[in-house]
Amino acid sequence: MSRRFNQPLSGNEMPRFGGIASMMRLPVATGPAGLDAAFIGVPLDQGTSNRGGTRFGPRQIRTESVLIRPYNMATRAAPFDSLQVADLGDIAINPYSLEKSVGLIETGLAAVHQGGCIPLVLGGDHTLALPALRAARATHGRLGLVHVDAHADVNDTMFGERIAHGTPFRRAVEEGLIDPARSVQIGLRGSGYAAEDFDWPVQQGFRVVPAEECWHRSLAPLMEQVRALMGAGPVYLSFDIDSLDPGFAPGTGTPEIGGLTTIQALEIVRGCAGLALVGADLVEVSPPYDPSGNTALIGAQLLFEMLCVLPGVLVR
Ligand code: MN
Ligand code: MN
């Protein structure tokens, strides 16, 4: 193990239930200088349409993340042997203005990208994907998108508003942030307002994989196709925890039955290895609806898996 890189505080130095609950018990940094990747929280729930509570997501994900050890036993990834990683804390959103919050998120994440650091965002509701994509696009150019969700999040408006947690990917297409031909949505399901809810992305050129196409099977072959679709260009991964079945992840605002398993979630994230990932998020964890903490725990562990597939991670 190299000493040149930040290491999570070991459970043999401080019990895992003690100490400061930074993400994975990493050092906290005030800016991206010198970092290759960073966890950063966005405590936002102003964009939610049903149950709220995602403003508490980043803090609870950090609390549950204290369990995570630094080496990936399955994939042999050793992210802290080759990347400088820290916790950048939270972006100070404006709790009285969603519009201003979106601007603050874009500014905060743009600074991370411009510093040469890959942000791994702890959400927060899915509205944050829009400013996150704007910030990534400004540094890296038009993006491929891997979007894992029960919902397409391509509404034109919600309650008359163009910015909400169900609209970010419609805005991202309109603004040219993502390339529809290099965009895939996995896990869509449930009830909708009209067939157009899932047809619109297909009409734009997205690959849409409904949950029913995921049932009873490994998603490793799908991810092989996704990697071919994405090629060598920049890719953003946006992972809504409600893609998982509510039996696994009940602590979220808009749960839908018949969802993905945790095994399939691992196959999706691990299947992103080799892609030119420039940013990722894990959104929609709502601790008030998560009495066991398992939803936040799954979120924390998936964020670790995202770290393990970033470009430049050593596999030992
Ligand atoms: Mn979503
Ligand atoms: Mn969703």
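Both counts, for ligands and for their atoms, begin at 1 and track the order of listing.
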Side-chain donor-acceptor contacts of residues 8-18 below 3.5 Å, not counting sequence neighbours, with atom names and distances?
{"residue": "Ser10", "atom": "OG", "partner": "Asn12", "partner atom": "N", "Å": "2.9"}
{"residue": "Arg16", "atom": "NH1", "partner": "Val66", "partner atom": "O", "Å": "2.7"}

Could you work out, with ring pair (Phe, Tyr, Trp, His ring centres under 6.0 Å) as the rule, every residue matching His165, not counting sequence neighbours? none

Are Val102 and Glu99 packed together at the side-chain level, in the sense that at least one heavy-atom pair is separated by less than 4.5 angstrom? no

Donor-acceptor pairs are to be reported for all side-chain atoms of residues 28-42 against protein atoms at under 3.5 Å, with residues two or more places apart or in another chain.
{"residue": "Asp36", "atom": "OD2", "partner": "Gln84", "partner atom": "N", "Å": "2.6"}

Just the protein N/O/S atoms under 2.8 Å from the Mn ion (ligand 1), please, no waters. His126 ND1, Asp149 OD2, Asp153 OD2, Asp240 OD2

Among Thr167, Asp240, Asp197, exactly one meets side-chain contact (heavy atoms from CB on, under 4.5 Å) together with Asp153. Which residue is that? Asp240

Should the heavy atoms of other residues, nucleotides or ligands under 6.0 Å from CG of Leu314 be counted, would the total exceed 12? yes

